[in-house]
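Structure, as structure tokens:
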There are 2 protein chains.
Amino acid sequence: MSKRTTIQDIAEKAGYSKAAVSFAFNDPSKISKEAHDRILATARELGYIPDPMARNFSRGRHMALGFLLPQMLQESLQNPYTQSVIRGIGEVCQEHGYMLTLIPPLHSSVSEAVKNATVDGLMTMGFVLSGKVRSILRIRRMPVVSIDGEADDDDVHSVSIDDEKAAELQLRKVLEKGHRRIAIIALPDDAYESSSIAGRRRKGYGNALSAFSIPPESIIVSSAKATFRSGMETAGRILDASSPTCFVTMSDAVAIGVMSEIRRRGLTVGDDISVMGFDGIEDSGFPCYGLSTIAQSGEEKGIRSAELLFMMIDGKEAPSSIIIPYEYREGTTLKEVKA
Amino acid sequence: MSKRTTIQDIAEKAGYSKAAVSFAFNDPSKISKEAHDRILATARELGYIPDPMARNFSRGRHMALGFLLPQMLQESLQNPYTQSVIRGIGEVCQEHGYMLTLIPPLHSSVSEAVKNATVDGLMTMGFVLSGKVRSILRIRRMPVVSIDGEADDDDVHSVSIDDEKAAELQLRKVLEKGHRRIAIIALPDDAYESSSIAGRRRKGYGNALSAFSIPPESIIVSSAKATFRSGMETAGRILDASSPTCFVTMSDAVAIGVMSEIRRRGLTVGDDISVMGFDGIEDSGFPCYGLSTIAQSGEEKGIRSAELLFMMIDGKEAPSSIIIPYEYREGTTLKEVKA
DNA sequence: CAGCCTTACTAAACCGGTTAAGATAAGGGT
DNA sequence: ACCCTTATCTTAACCGGTTTAGTAAGGCTG
């Protein structure tokens, strides 16, 4: 089995130096047109393709961004909202000629994965990095953007919406429609390790409740992973034990599961029980059935995050935090409560 | 700004050679316990983390598998079936300590992307690689596994189900229930470049039809991208122009869109119009509402593909083609046609 | 005590490119 | 005729590890 063709082979065969060959591929202005032609012809003849890893290594760039997956690949990719974020990241990567690497915990260890990740920058979503991981990233001088995470570290830049305000708006809309028997399905606090997004939103709910002078105890609060199935199961448990007039969820995926369970019981979403989602996954190809929700563009989050990361990689001045907009999207699943 | 700590720094500080330091990290049995301890202590002290790219480069391994994305990231990741395949791949990657890299067409060129991909092996899904791309892969000696693609190349191994037989079974089930006004929504033939999966399944449909002595002309055949939205729109157009008693789709995502459109028109899925899907995305967290379908495990496809790829990477004897099982899954959306 | 093996370590080649610095020759200005 | 510039190409260092071959010291054997 012959060895692969290297820059050295081309150099010898074409009668030039390694450097000349390198220039021919990267900066033709540094050599004569004649040399350029000869070298490219020789390269074609020998079937030469520059080794990307060697190239990246000597340039000190990986040409890849990493998306750190909190737990298992499973749930993360399942959520249509995560998908839209990844899509946004992917677009920007493509523009920059970068690849996108999904980084699952290596041998169940995030630290290990981060140590070995061959990427120029990292994005995380919905969870706070441990001190150990942050220390590794600092040593490796690897820029990080945290999506929906906490901006409690100078090294970690963040992209998110104003979750507290958004959650407040969400619950206000529900309260304005007269609902009082409300079941909130939050994201698990410990989802993705020490997530704090759920905490920020709970605060917003508290604000809305006190604005309406409603005692927090009157609200049913539970939590569920951000999946369709989980939403369905949780709604089932709640409906077995009580009869809320409205479900408020922190994720559209959960809301869709809730709607499915409501219909399964022969009830009508909107007329019998209202449902309020969070995310606005409308454009994700996922069926959302006119869900009333707090819409935030996952794609924009992905795009802004990746752009931010590229600024940091390029050593440019980068904002430590980017807040993107959200809005209430009127649907057909939130209706005035029946008298 | 100080330079990063290298193996050289550790060697000097600890009073050993570069090689000794390398051994300390990779094969402690080659050095004394004393040296091992001293070196690791020094490494910890200086905050040393081996550079993964340099390590990979000298070892000649990338420690990453690539998933080649046909067109835009968008549609690919949107399909829950694709997601389950990726999940399967991810599991195997994790076991092997590998990362999974999503490779979008670089500057809109798949060839360019494949030239620059820093991965040890490639997986594609649902499309046939062009000769140019195959030639690049041959030069780079990069193993490829094609999922649901055509096994027309010695270099490209494949994992799929027997699509022709599966499609035949799918349509037979529908015909057995008495349906004759049938609308088939196929995958686009040109989806993912020169896809051939649609062709194989069409053949299967033909077989079923002739077994029932039904003229192919009596069947409405259209095609749609494998997304929820596309299924909804296509069903809308079909229902505007005709009144099939059953929809047969090549993808559950499409089938769910079809069901959504049927319900939107005030009709009942199953009783008024039957729907038959393909994929069996039940376990994907996607709402599938008792869809009758041809189930094939996306996760298993992913797992087998990745395992196959690892065999090839390790230079082991690997089967050129793996066929995984499928089965008809009884649901509530396919019912006996009304007299 | 020579001969041989084992242990512990090092020097240097190597992976395949990039790139700073230097060499050579040709061209231009005075 | 001389110096300076520019164009073109080469040499060699470099990126940060891994790994092969080799050496020196110590222990064992006969």
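Residue numbering restarts at 1 for every chain, and letters A, B, ... go by the order of the sequence lines.
- Interface residues of residues 51-59 of chain A facing DNA chain C, ordered by number: A:D51, A:A54, A:R55, A:F57, A:S58, A:R59; criterion, heavy-atom separation under 4.0 Å.
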Please walk me through it: do B:S146 and B:S158 pass side-chain hydrogen bond (donor to acceptor under 3.5 Å, both in side chains)? CA-CA 5 Å; B:S146 166; B:S158 75; over 6 Å; no
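- Although no hydrogens or angles enter the test, the distance criterion places a donor-acceptor pair under 3.5 Å between the side chain of B:N79 and the main chain of B:A226.
- Annotation for A:T5 and A:L46: closest pair OG1-O, 3.5 Å, computed over non-hydrogen atoms.
- Contacts of A:Y48 with the nucleic acid, taken as non-hydrogen atoms under 4.0 Å apart, involve only primed sugar atoms and P, OP1 or OP2.
- Contact between A:A11 and A:K18 at its shortest, heavy atoms only, is CB-N, 3.7 Å.
- No donor-acceptor pair under 3.5 Å is formed between the side chain of A:R61 and the backbone N or O of A:R55.
- For the pair B:I7 CD1 and C:dA12 C1', the computed distance is 14 Å after rounding to whole Å.
- Axis deviation across the helix from C:dC1-D:dG30 to C:dT30-D:dA1 amounts to 50°, comparing end segments of five pairs, rounded to 10 degrees.
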Got a list of side-chain donor-acceptor pairs under 3.5 Å for residues 301-310 of chain B, not counting sequence neighbours?
{"unit_1": "B:K301", "atom_1": "NZ", "unit_2": "B:Y81", "atom_2": "OH", "d": "3.3"}
{"unit_1": "B:K301", "atom_1": "NZ", "unit_2": "B:D148", "atom_2": "OD1", "d": "2.6"}
{"unit_1": "B:K301", "atom_1": "NZ", "unit_2": "B:D148", "atom_2": "OD2", "d": "3.0"}
{"unit_1": "B:K301", "atom_1": "NZ", "unit_2": "B:Q296", "atom_2": "OE1", "d": "2.5"}
{"unit_1": "B:S305", "atom_1": "OG", "unit_2": "B:K301", "atom_2": "O", "d": "2.4"}

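- Residue contacts for B:S22: at a heavy-atom cut-off of 4.0 Å it reaches a base atom on one of the strands shown.
- Nearest approach of B:A14 to B:T42, heavy atoms of both residues: CB-OG1, 3.5 Å.
- B:V85 approaches B:M125 most closely through the heavy-atom pair CG2-CE, 3.8 Å.
- Residue pairs meeting the ring pair (Phe, Tyr, Trp, His ring centres under 6.0 Å) criterion with at least one partner in residues 40-70 of chain B, sequence neighbours excluded, are A:F57-B:F57, B:F25-B:Y48.
- On the nucleic acid side, DNA chain D contacts chain A at distances under 4.0 Å to non-hydrogen atoms, with the end points of that region at D:dC9 to D:dG16.
- A pairwise comparison of heavy atoms in A:D120 and A:I313 identifies O-CG1, 3.6 Å as the closest pair.
- Ion pairing between a basic and an acidic side chain is recognised when a charged N comes within 4.0 Å of a carboxylate O; B:D155 and B:R138 show such pairing.
- The closest donor-acceptor contact from the side chain of B:N26 to the backbone of B:S22 lies under 3.5 Å.
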Close N/O contacts between protein and nucleotides 7-9 of chain C (under 3.5 Å):
{"unit_1": "C:dC9", "atom_1": "OP1", "unit_2": "B:S32", "atom_2": "OG", "d": "3.2"}
{"unit_1": "C:dC9", "atom_1": "OP2", "unit_2": "B:S32", "atom_2": "N", "d": "2.7"}
{"unit_1": "C:dC9", "atom_1": "OP2", "unit_2": "B:S32", "atom_2": "OG", "d": "2.8"}

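- The main-chain N or O of B:A113 is never found under 3.5 Å from a side-chain atom of B:N116 such that the two would form a donor-acceptor pair.
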